[in-house]
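Here's the structure, in structure tokens; my notes come after.
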Amino acid sequence: MAVSTTFAGLLALLQVASAPPATAPAPPAPDPAALPSPLPVDSSTVPGTPASTAVKLREVDTRMTVPVLINGKGPFRFIVDSGATRTVISSTLAAQLGLPSAGTVPLHSVGGESDVPAVHIDSLYVGALPAKEIVAPMLDEANLGGLGILGIDTLKGKKVVIDMMHHAMSVEPADKYTPPAADGEIIVTARSRFGQLVLADADAAGQKIYAIVDTGSMVTLGNLTLRDKLVRRKRATPQLVPITDVTGRKIMASYAPISDLRIGNFHMQNVVIAFDDAHAFERFGLATKPAMLLGMDIMQGFDRVSIDFARRKVRLLKRGESDGYSVVVNPLKP
């Protein structure tokens, strides 16, 4: 099935941090009776339609959020980012909660590496998952695009389900086994690389690629190795566009339309992607291999996307095949 997509804007993209969080036993989950009721999807999670590529982050933010409790307070909406290695909190929320300083930690973003202040969180609680004690880097909310980001330090061993039809997302326990594919559903087995799930069964305009599903990015990003191969084969003509990363750094990336993007046996036509020598590709060992970070612009080509980190499976349900399926927006209950 072929789907024609349009360019959804090139904006703040990926954040990953290299230093692992301090290990400590997770505190017990909060008392269920004291937890707040589920939150509706707020207006900041509704996708927009930009008039051009030169737009601000909040104008076309297609990323999705889930409610999170921090030290028993909240809930606060955090962006779920399957491409980030660590959970990040906005400096505004950290100050509001009076979180203690944890010094500085290295942070890797599209623009490069930097040391940023961090705070200690005694208990981070999301959905039915056990509470976690973590050290979280802090970033400005204006650059972050929200109150915080849930990285794979929180998502490891769990499953993320995205319902594009109802603009809803949940973080759930991983499947105990792999259910068979539903009608119109693709199941792609991934490799684990530094905690990320890398899809090897994908190509761009016939060029085999390594693809990482990145729910924290609003736009799909290819590396320069992929760009150069496509340009050499005259399958792309890049143009320049400015990008702001989550630390506020400005870089100049290029973008170009790709005639066909294949994931498993699913094809998307006329996909526009950005290209940059982002630090993430080097960190994942993909700088010299044709690679791509699949953002939420690509995810909108499906009715449902399920990312099972424990079983290394990505399930993609084609448009028009959902049959009324929807997910609960993280009910914050055990």
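These values consider heavy atoms only, across backbone and side chains, with no hydrogens, waters or symmetry-generated copies.
- Among all heavy-atom pairs drawn from Ala174 and Gly157, the shortest one is CB-O, 3.4 Å.
- Contact annotation: the side chain of Thr220 never approaches that of Val271 to less than 4.5 Å [non-hydrogen atoms, C-beta and beyond].
- The closest side-chain heavy-atom distance from Leu97 to Lys73 is below 4.5 Å.
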Go through it in stages, so that I can follow the logic: the residues are Asp81 and Thr215, the test is side-chain hydrogen bond (donor to acceptor under 3.5 Å, both in side chains), and I'd like the CA-CA distance, side-chain angles, deciding distance and then a yes or no. CA-CA 5 Å; Asp81 189 347; Thr215 61; 4.7 Å; no
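- Within the 4.5 Å cutoff, the side chain of Met64 has heavy atoms near those of the Met164 side chain.
- Taking the side-chain contact (heavy atoms from CB on, under 4.5 Å) definition, one finds that Asp175 meets it with Lys159, Pro179, Asp308, Arg311, sequence neighbours left out.
- Summarising the local packing, NZ of Lys156 is surrounded by 12 or fewer heavy atoms from other residues, nucleotides or ligands at distances under 6.0 Å.
- Using a 4.5 Å heavy-atom threshold, the side chains of Ile121 and Asn71 count as touching.
- Of all the heavy atoms in Lys158 and Pro130, the pair that sits closest is CE-CD, 4.5 Å.
- Every residue was checked against the side-chain hydrogen bond (donor to acceptor under 3.5 Å, both in side chains) condition with Asp115, not counting sequence neighbours, and none meets it.
- By the 4.5 Å heavy-atom criterion applied to side chains, Leu294 and Met299 are counted as neighbours.
- The line from CZ of Arg191 to CG of Asp201 is 10.5 Å long, rounded to the nearest 0.5 Å.
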Apply side-chain contact (heavy atoms from CB on, under 4.5 Å) to Met169 and Val161, showing your working. CA-CA 6 Å; Met169 175 182 283; Val161 182; over 6 Å; no
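- In this structure Asp260 satisfies the salt bridge (Lys or Arg N to Asp or Glu O under 4.0 Å) test with no other residue, sequence neighbours excluded.
- Remark: the backbone N or O of Glu172 is not paired with any side-chain donor or acceptor of Ser170 at under 3.5 angstrom.
- The minimum heavy-atom distance linking Gly301 with Met268 is given by the pair CA-CE, 3.6 Å.
- In this structure, Tyr210 has its ring center no closer than 6.0 Å to that of Phe284.
- Electrostatic pairing of Arg262 and Asp203 counts as a salt bridge here, judged by a charged N lying under 4.0 Å from a carboxylate O.
- The minimum heavy-atom distance linking Ser82 with Ile307 is given by the pair OG-CD1, 4.2 Å.
- Note that CG of Asp276 is 7.5 Å distant from OG of Ser254, once rounded to the nearest 0.5 Å.
- Taking all atoms of both residues into account, the shortest heavy-atom contact from Ala102 to Val135 is CB-CG1, 3.7 Å.
- Every side-chain hydrogen bond (donor to acceptor under 3.5 Å, both in side chains) that Thr154 has, sequence neighbours left out, goes to Thr87.
- Separating the OH atom in Tyr255 from the CD1 atom in Ile273 is a distance of 13.0 Å, to the nearest 0.5 Å.
- Residues meeting the side-chain hydrogen bond (donor to acceptor under 3.5 Å, both in side chains) test with Lys313, sequence neighbours left out: Thr189.
- Residue Phe76 holds its CZ atom at 9.5 Å from OG of Ser90, rounded to the nearest 0.5 Å.
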Verdict with supporting geometry, Asp140 and Thr92, side-chain contact (heavy atoms from CB on, under 4.5 Å): CA-CA 7 Å; Asp140 290 340; Thr92 301; over 6 Å; no
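- Counting all heavy atoms, side chain and backbone alike, Ala204 lies closest to Leu230 at O-CD2, 3.6 Å.
- Looking at Asp163, its side chain never comes within 3.5 Å of a backbone N or O of Ala168 through a donor-acceptor pair.
- Without hydrogens or angle criteria, Thr225 side chain to Ala287 main chain gives a donor-acceptor distance under 3.5 Å.
- Tracing side-chain contacts under 4.5 Å through hydrophobic residues (I, L, V, M, F, W, Y), one reaches Ile186 starting from Met296; they form part of the same cluster.
- Shown here are the side-chain hydrogen bond (donor to acceptor under 3.5 Å, both in side chains) partners of Arg315, two or more places apart in sequence or in another chain: Glu185.
- The closest side-chain heavy-atom distance from Pro137 to Val116 is below 4.5 Å.
- Between the side chain of Asp214 and the main chain of Gly216, a donor-acceptor pair closer than 3.5 Å is present.
- Within the 4.5 Å cutoff, the side chain of Leu150 has heavy atoms near those of the Val68 side chain.
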Given side-chain contact (heavy atoms from CB on, under 4.5 Å), test Leu261 with Met292 step by step and report yes or no. CA-CA 11 Å; Leu261 176 63; Met292 187 180 290; 4.0 Å; yes
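- At least one side-chain heavy atom of Val88 sits less than 4.5 Å from a side-chain heavy atom of Leu144.
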side-chain contact (heavy atoms from CB on, under 4.5 Å) between Phe275 and Leu226, worked out: CA-CA 8 Å; Phe275 295 96; Leu226 173 60; 4.2 Å; yes
